[in-house]
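Written below as structure tokens is the structure these notes are about.
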Amino acid sequence: MASPERFSADELTRFASTLLQKAGLDAPKADSVASTLVDGDLLGHDTHGLALLAPYVKELEKGSMTKTGAPQVLSERAAVLAWDGRRLPGPWLVHQGIDALIPKARDYGTASLTIHHSHHIACLAAYLLRATQEGFVMILASSDPAVQSVAPFGGTRAVFTPNPIAAGIPTSGTPFLIDISASVTTNGMSNRLHKAGRQFDEQWLIDGHGNPSRDPAVLAQDPPGTILPLGGLAAGHKGFGLAVLIEALTGGLSGYGRADPPSGWGATVFMSLYDPSAFGGTRDFLRQMDFVADACRTNPPRPGVEQVRMPGDRGMQRRAQQLAQGVALHPTIAPALREAGASYDLDFPGALPT
């Protein structure tokens, strides 16, 4: 098999920002969205990185993504904020949220923000390094009230989105970067396999009658199938419980969710920052996390596993490698971006020499 084409991360970021600006997004927002999407690919989340750029451009063209302005502040207390995102670009809103929470968390030890009517926020893991580099623990969760693709455990009709939740945890070395969902797989991966005519290796879906399936095509059937909660057919009650928690944090605390009329592809967001120095102290926090990291990484591996990795280890290794050697895009991404760029007379970057 031929090695994948690799592209300069800087050139990809410039291309993405320029394309978003040509589609009408102002420069600071375009830069924020572009760098976040590239960060997703750098960390290996290639269904939630530059794969989203062409769909975002279409949303700008349709007027479904707001191009200018700021979020509306709905509520503010000492350590709490609630925003109406006004369907502004999700990555920009999340970064603005981190900016707003950092001084509050330093003053009060913790600070939280909810955002409703955000546009899609891309890869949750892409935001975590900002927090951990500042010494904070970060929790970030998202749901989309306009989309249903995951049934509650034991049911057959979709109620939830995959409902991702992420956590960034600082250590003395490589931070823990947790990015999971309450479902066993994502909409993005399901769509990618469906377009390729492929199936999952495991029965991660059910059809509209509740029969287990590996085929993502069941999601488009009548009646539609659904993605299973995390834990699958045997232990999906755990993913179901996690989905309900994320609904409470996002739709519940923001005051806007599935009980309201859908308003298009987007996100309802919850985020919190925690300053370890306000609790048991930064030194002891790092001592505890470093112990956990060492106990896991030195754990005797089971057959077929080279070494136990902490959440984020592979992503950080991949990020460093791709910054040095170029970003290896999924084969479907570059053609879509060449097409999107061509409509604005914008050339997609050339591949790096092998």
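Computed from a prediction, not measured in an experiment: that's the story for all the values here.
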Atom [atom1] in [X], atom [atom2] in [Y]: separation rounded to 0.5 Å?
X    : Y    : atom1 : atom2 : answer
E76  : L113 : CD    : CG    : 10.0 Å
H120 : R87  : NE2   : CZ    : 11.5 Å
L20  : K22  : CG    : NZ    : 12.0 Å
L140 : M271 : CG    : CE    : 5.5 Å
L219 : D215 : CG    : CG    : 8.5 Å
T132 : L177 : OG1   : CG    : 6.0 Å

Residues F348, L12; criterion side chain to side chain contact (heavy atoms under 4.5 Å, CB included); working and verdict: CA-CA 8 Å; F348 186 71; L12 289 173; 3.7 Å; yes
Which pair of heavy atoms, one from [X] and one from [Y], lies closest together, and at what distance?
X    : Y    : value
W83  : L74  : C-CD1, 3.8 Å
L228 : L205 : CD1-N, 3.9 Å
A131 : L273 : CB-CD2, 3.9 Å
A182 : I246 : CB-CD1, 4.4 Å
L249 : T114 : O-CG2, 4.0 Å
S190 : T185 : OG-CG2, 3.8 Å

Donor-acceptor pair, [X] side chain versus [Y] backbone, under 3.5 Å?
X    : Y    : answer
D179 : A125 : yes
S183 : T186 : no
D313 : M310 : yes
D41  : V38  : no
Q322 : A328 : yes
H330 : T332 : yes
Y127 : G168 : no
S35  : S32  : yes
R86  : A70  : yes
K29  : T68  : no

Check against side chain to side chain contact (heavy atoms under 4.5 Å, CB included), Y274 and F279: CA-CA 9 Å; Y274 303 88; F279 295 87; 4.3 Å; yes
Results of side chain to side chain donor-acceptor pair (under 3.5 Å) for T36 - residues two or more places apart only: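 For T36 the side chain to side chain donor-acceptor pair (under 3.5 Å) partners, ignoring immediate neighbours, are H95.
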May I ask you to check whether over 12 heavy atoms, not counting those of [X], lie within 6.0 Å of atom [atom1]?
X    : atom1 : value
D99  : CG    : yes
R157 : CZ    : no
K238 : NZ    : no
Q325 : CD    : yes
Y344 : OH    : yes
R283 : CZ    : no

Evaluation steps, side chain to side chain contact (heavy atoms under 4.5 Å, CB included), between R319 and L129: CA-CA 12 Å; R319 183 177 186 270; L129 280 176; 3.9 Å; yes
Worked check of side-chain hydrogen bond (donor to acceptor under 3.5 Å, both in side chains) between S343 and E339: CA-CA 7 Å; S343 62; E339 181 179 348; over 6 Å; no
Could you tell me whether the side chain of [Y] reaches within less than 4.5 Å of the side chain of [X], counting heavy atoms only?
X    : Y    : answer
V73  : P71  : no
D84  : H116 : yes
L81  : K104 : yes
E134 : D275 : no
L230 : F240 : no
Y256 : T250 : no
M65  : P89  : yes
R297 : V308 : no

Anything under 3.5 Å between a donor and an acceptor, one on a side chain of residues 148-156, the other on a protein residue two or more places apart or in another chain? List them.
from	atom 1	to	atom 2	distance (Å)
Q148	NE2	P145	O	3.3
S149	OG	N187	OD1	2.8
S149	OG	N187	ND2	3.4

Verdict with reasoning, D10 to S8, per side-chain hydrogen bond (donor to acceptor under 3.5 Å, both in side chains): CA-CA 5 Å; D10 289 341; S8 160; 5.0 Å; no
Check against side chain to side chain contact (heavy atoms under 4.5 Å, CB included), Q203 and L233: CA-CA 8 Å; Q203 293 177 327; L233 294 167; 4.2 Å; yes
Are the charged groups of [X] and [Y] less than 4.0 angstrom apart, N to O?
X    : Y    : value
E59  : K62  : yes
D46  : R192 : yes
R287 : D284 : yes
E247 : R258 : yes

Verify same cluster id: [X], [Y] (apolar side-chain graph, 4.5 Å):
X    : Y    : result
V147 : I165 : no
V269 : L245 : no
V159 : V184 : yes
I102 : V94  : yes

With sequence neighbours excluded, residues passing side-chain contact (heavy atoms from CB on, under 4.5 Å) with L37: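 side-chain contact (heavy atoms from CB on, under 4.5 Å) check on L37 returns V33, L50, L52, L53, Y56, A122.
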Whether W265 and H119 hold their rings parallel, tilted or perpendicular, with breakpoints at 30° and 60°: perpendicular
Within the 6.0 Å centroid threshold, strictly below: F7 and F15: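 Between F7 and F15, the centre distance exceeds or equals 6.0 Å.
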Stepwise side-chain hydrogen bond (donor to acceptor under 3.5 Å, both in side chains) check, S143 with N163: CA-CA 5 Å; S143 63; N163 283 16; 4.8 Å; no
